[in-house]
Structure formats: C-alpha cells, structure tokens
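Just the heavy atoms: all of them, side chains too, but no hydrogens, waters or symmetry mates, feed the values below. Not measured: the values here are computed from a predicted model. The residues of the chain are indexed from 1 along the displayed sequence.
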Amino acid sequence: MHLSDEDYQKLLENIKQLMIEKGIKSLTMDSVAHNLGMSKRTLYKIFESKQQMIQEILNYQHKVHIRRCDEIFNASGNTMEALLKIFMLHRNFMAHITPAFFRDIDNALSEVKDVYRNAEDDRHKVFLGIFERGVKEGVFRPDVNYTITSKTYKVQLESLKRMEEVFPPGLTLLEVYDNIIIGMLRSIASPRGMEILDSLTGRPGSFSSLRKD
C-alpha cells in the first residue's frame, strides 16, 4: 500500500505515541489498527509484520531526535545552552514513556535490539561531538574523559526507567534525572560554562526556568 511521505510520517508518529504509552509487547497489530481506526488488513499492507513496524518506528524516532538536536544547536547561543536544551528534550521523553518500553527492549528480537543499539551508538557520537565543540568554545573542561561521560549518561538514563517502580516514597524519576544532569554539567563546566549554566537554570543546581512538567 502506497502512502505519501506526509501520511506515512503521520502514521509513524501516531504509532510511536502508542508505543510510548504501552510499550512494545502490548503494541499488537490488532491494538494499533483499533486505536488508529483502520483495519488490520490495511495495516499489514503497510508493514509486513509487527517486527518491521517496530523497527520503522525506532528508526523514525531516531531521525526525529537527531533533527531536533540540530535545530536546537542552530537556535542556541552556545554549546552549554544547546546541551542543556537537549537534556530537557530527553527529560520530556523520560516523563512520558512507560517503563515497559525498556523492559520490552531487553526481551526484544535481535533485529529490534540492533536498531535500538545502533541509534544509541549514533547518539553517543553526537554527544562526543557536542563535548568536543564545547571544549573548543571554552564552556567545557578539557581534562574530562568525555567517552566515559557519554556512556555513563546512557547507562543512567536507561537505568532510571527500569528502577522507577522501586523508588522510595517522595522521590520522583524527574527529580533524580534533574540531579544527575545538573551534577554532570557542573562537573564538566569550565568557569565560563558554570556562569552560563547558572544563568540558564535560574539558580545553581536547578532546571526551574527551563523545564515544563
């Protein structure tokens, strides 16, 4: 079945929202067709299988994320500002995606895992480029191992959602995320970068002026 590029992107976006809400395991072809008001037969004319559909969604999400990062950079005054806004983009993703998504990725077929891992590898390269640019601008310290910094961030980001259900009362995922990100940014910031960070966040150690819960 042929769809225009615009209609296909709208379809992918709608299915992505369902995946964020339900996870991968619960996202059946029946449930997708029902939620989107189409027949399962029509859906199978677009995607050969659920596996192909999930792979297309993950690839689509990755492309959207990379494009959004580029837009953020073009609209930002410096690398510290751009990186902080990218972290806010991640924060919004963490706030809305179901913990089941990460558990489902752990148990997904190898082809689906490969798409997810390749996207994560690309994001790691993007972060390394951002850090390198920030060092040249003088907003990040030159004596930091940014490969470890980037990989540690990835581990923390994915671990948070897997751990959310065991957080003690009074501690939210977003509060933990904010603490991790502000701590990391302050650990890599040069004196100039620290001034920029504090001016952007409103006060030392806060996302208050940027976040939208």
Side-chain angles (χ1 to χ4, degrees), residues 1-75 85-124 126 154 157-167 172-178 207 210-213:
M1 181 176 180
H2 177 72
L3 294 175
S4 67
D5 290 343
E6 182 179 357
D7 287 341
Y8 187 61
Q9 287 186 9
K10 287 181 179 178
L11 177 64
L12 293 179
E13 183 62 34
N14 289 333
I15 300 174
K16 183 195 80 172
Q17 293 304 316
L18 292 174
M19 184 178 71
I20 287 174
E21 296 170 4
K22 301 176 182 296
I24 293 175
K25 185 176 180 181
S26 298
L27 196 69
T28 65
M29 299 296 273
D30 279 320
S31 69
V32 170
H34 174 75
N35 277 279
L36 298 185
M38 61 170 47
S39 70
K40 188 166 70 170
R41 181 177 180 180
T42 299
L43 192 60
Y44 270 112
K45 288 181 179 179
I46 302 171
F47 305 106
E48 294 181 359
S49 64
K50 172 182 172 177
Q51 177 182 323
Q52 186 202 8
M53 180 178 71
I54 297 301
Q55 289 174 289
E56 290 291 324
I57 297 302
L58 292 176
N59 276 321
Y60 166 75
Q61 171 61 20
H62 177 55
K63 290 177 182 177
V64 169
H65 177 78
I66 296 299
R67 184 176 70 246
R68 185 71 187 104
C69 288
D70 288 340
E71 291 171 353
I72 288 172
F73 255 105
N74 291 333
K85 289 180 178 178
I86 289 171
F87 283 143
M88 295 304 297
L89 189 67
H90 288 185
R91 186 184 195 274
N92 185 61
F93 176 78
M94 294 289 287
H96 293 93
I97 195 165
T98 174
F101 172 82
F102 293 98
R103 292 195 296 266
D104 292 346
I105 282 290
D106 292 339
N107 299 314
L109 296 174
S110 59
E111 291 83 358
V112 173
K113 283 184 180 179
D114 287 344
V115 173
Y116 184 76
R117 288 169 179 165
N118 288 339
E120 289 300 304
D121 289 343
D122 283 348
R123 291 189 185 101
H124 171 66
V126 168
K154 174 182 178 294
L157 189 67
E158 294 202 358
S159 297
L160 280 180
K161 265 299 181 180
R162 291 175 172 86
M163 296 169 57
E164 183 179 12
E165 295 172 346
V166 299
F167 281 179
T172 69
L173 177 140
L174 295 183
E175 287 173 335
V176 176
Y177 180 83
D178 289 354
F207 270 156
L210 287 176
R211 69 187 183 200
K212 296 179 181 179
D213 295 333

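E120 has a carboxylate O that lies under 4.0 Å from a charged side-chain N of R123, or vice versa, which qualifies the two as a salt bridge.
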Practice prompt. Show your working on side chain to side chain contact (heavy atoms under 4.5 Å, CB included) between L160 and F167 and close with a plain yes or no.
Written response: CA-CA 9 Å; L160 280 180; F167 281 179; 3.9 Å; yes

Worksheet item: Can you list the steps and then say if D114 with Q55 is a side chain to side chain contact (heavy atoms under 4.5 Å, CB included)?
Response: CA-CA 9 Å; D114 287 344; Q55 289 174 289; over 6 Å; no

Discussion item. If you apply the rule side chain to side chain contact (heavy atoms under 4.5 Å, CB included), what do you find for T98 with E21, and how did you get there?
Written reply: CA-CA 6 Å; T98 174; E21 296 170 4; over 6 Å; no

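The neighbour count for K63 NZ, taken as heavy atoms of other residues, nucleotides or ligands under 6.0 Å away, does not exceed 12. Atom CG of D5 has 12 or fewer neighbouring heavy atoms from other residues, nucleotides or ligands inside a 6.0 Å radius.
Pairing each heavy atom of I46 with each of Q52, the nearest pair is O-OE1, 4.5 Å. When every heavy atom of A33 is checked against every heavy atom of L43, the shortest pair comes out as N-CD2, 4.0 Å. Contact between L89 and I72 at its shortest, heavy atoms only, is CD2-CD1, 4.4 Å. Of all heavy-atom pairs spanning A100 and K22, the tightest one is CB-O, 4.2 Å.
In this structure, the separation between CG on D104 and CD1 on I54 is 9.0 Å, given to the nearest 0.5 Å. Considering CD1 of I24 and CD1 of I57, their distance stands at 10.5 Å, rounded to 0.5 Å. In this structure, CG in D122 is found 6.5 Å from CD1 in I66, a value given to the nearest 0.5 Å. Atom CG of L157 is separated from atom OH of Y177 by 6.0 Å, given to the nearest 0.5 angstrom. The distance from the CD atom of E56 to the CD1 atom of I15 is 9.5 Å, given to the nearest 0.5 Å. A distance of 10.0 Å separates CG of L12 from NZ of K16, quoted to the nearest 0.5 Å.
Within the structure, the side-chain hydrogen bond (donor to acceptor under 3.5 Å, both in side chains) test picks out the following pairs touching residues 26-38 (sequence neighbours left out): T28-S31, D30-K40. Pairs of residues two or more places apart, or lying in two chains, that qualify as ring-ring contact (aromatic ring centres under 6.0 Å, His included) and include a residue from residues 39-65 are H65-H90.
Annotation: side chain of V126 is not in contact with side chain of I86 (no heavy-atom distance under 4.5 Å). With contacts defined as side-chain heavy-atom distances shorter than 4.5 Å, the pair D178/R91 qualifies. Counting heavy atoms from C-beta on, the side chains of Q9 and E13 never come closer than 4.5 Å.
Panel note: side chain K50, backbone K25; a donor-acceptor pair is recorded below 3.5 Å.
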